[in-house]
Trainee: 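Submitted below is the structure of interest, expressed as structure tokens.
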Amino acid sequence: MPNSTTPPDWVVLKFGGGLITVKDKLMTARQQVIDALAGAIAIIQAAGRSPIVVHGAGSFGHIKAKRWRLHEGRIHGWAPESTDGEGIISQDEACVSVHRDMLTLNTRVVESLGQVGLVTSVHPPRDWANGTGPEFTGEFQDFLHGEIDTIPVFFGDVVHCLDNDFGILSGDDIVLRLAMELEGVSAVVFCLGGAQGLLSAPPDDTDSELVPLWSPDMPLHGHHDKAIDVTGGIALKAARAGRIAEVVEDVWFVSGEHPNRVVEAALGGEPSGTRIVPAASRPLD
Ligand code: IP8
């Protein structure tokens, strides 16, 4: 358990949407995976760290956001040709619907954390964030100084935007800002679905191997399902992780389907996965 007399030793964990949901099946959560991750968070907290959980949207956000082009902001006089029988008739209704769906997914995560005895506080970005990308505005620091053993939970969301009314704020950008702005973040762990880390070649290539150490000056091969994703997929994560590695010692991409690797990465170990380092610090090959 974290100790109330010493400053928190923060560990930021991103649960990828492709890990905690079935990405191409509308509103389908992977409950066993979520439960296993909750167990990992309990171990990390019991080891004296203060976890912050940020989760992605997966099929609770991207499918409708894509169909209704919410990432592009308001498009006056536009509606999709087919609405897939979901009863939504405008972008405004789609925003409300995605807000509700994200809370449904968040409830699954929070209840799972509760089942292993963890206390959480949830901070939906729609209530405090404005704008998209790493420069979004919003005072999230205020949420991080409550009870020492309360775990703050954030997620990617539809948020207000000054220029085009609304847009999609990725959980990856929230992770970046937490890592850059909080004092005492010792590790940032991106928990992936369907991948062990970053790969040396496109995933369908038989020669593709796990890259154990990656920096932003190295090539990147990863899958980005543009047909589904409205945020940047693995390329966005890698770019953000490279920046985070400039200020945080342990930055990892690991398979979230192996919770022991998540725990190891969070506690300063050397799990199977990809360690991210800043460009200048990579040893010359
Ligand atoms: O999955 C996207 O967040 P991400 C949020 O963390 C929505 O990029 C609502 C699609």
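Please read all numbers here as calculations on a predicted model, not as lab measurements. Values below: every heavy atom of this structure, side chains too, minus hydrogens, waters and symmetry copies. Counting starts at 1 for both ligands and their atoms, following the listed order.
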Trainee: Does Arg177 qualify as a cation-pi partner of Phe136, given the criterion of NZ or CZ under 6.0 Å from the six-membered ring centre and within 45 degrees of its axis?
Mentor: yes
Trainee: Could you measure the distance from the CG atom of Leu37 to the NE2 atom of His55? Nearest 0.5 Å is fine.
Mentor: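 NE2 of His55 is found 11.5 Å from CG of Leu37.
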Trainee: Please list, chain by chain and in numerical order, all residues satisfying salt bridge (charged side-chain N to carboxylate O under 4.0 Å, His left out) with Glu270, sequence neighbours excluded.
Mentor: Arg275
Trainee: Tell me yes or no: between the side chains of Glu264 and Asn260, is some donor less than 3.5 Å from an acceptor?
Mentor: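 There is no such pair (donor and acceptor under 3.5 Å, judged by atom type) between the side chains of Glu264 and Asn260.
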Trainee: Are Lys64 and Glu93 ion-paired here, with the side-chain N under 4.0 Å from a carboxylate O?
Mentor: no
Trainee: Looking at side-chain heavy atoms only, is the closest gap between Pro125 and Ile174 below 4.5 Å?
Mentor: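 Yes - at least one pair of side-chain heavy atoms lies under 4.5 Å apart.
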Trainee: Every pair of nitrogen or oxygen atoms between ligand 1 and the protein that is under 3.5 angstrom apart - can you list them with their distances to 0.1 Å?
Mentor:
from: ligand 1; atom 1: 1 (O); to: Ala57; atom 2: N; distance (Å): 3.0
from: ligand 1; atom 1: 1 (O); to: His62; atom 2: NE2; distance (Å): 3.0
from: ligand 1; atom 1: 6 (O); to: Lys14; atom 2: NZ; distance (Å): 3.1
from: ligand 1; atom 1: 6 (O); to: Ser170; atom 2: OG; distance (Å): 3.4
from: ligand 1; atom 1: 6 (O); to: Gly171; atom 2: N; distance (Å): 2.8
from: ligand 1; atom 1: 8 (O); to: Ser170; atom 2: OG; distance (Å): 2.7
from: ligand 1; atom 1: 8 (O); to: Thr231; atom 2: OG1; distance (Å): 2.6

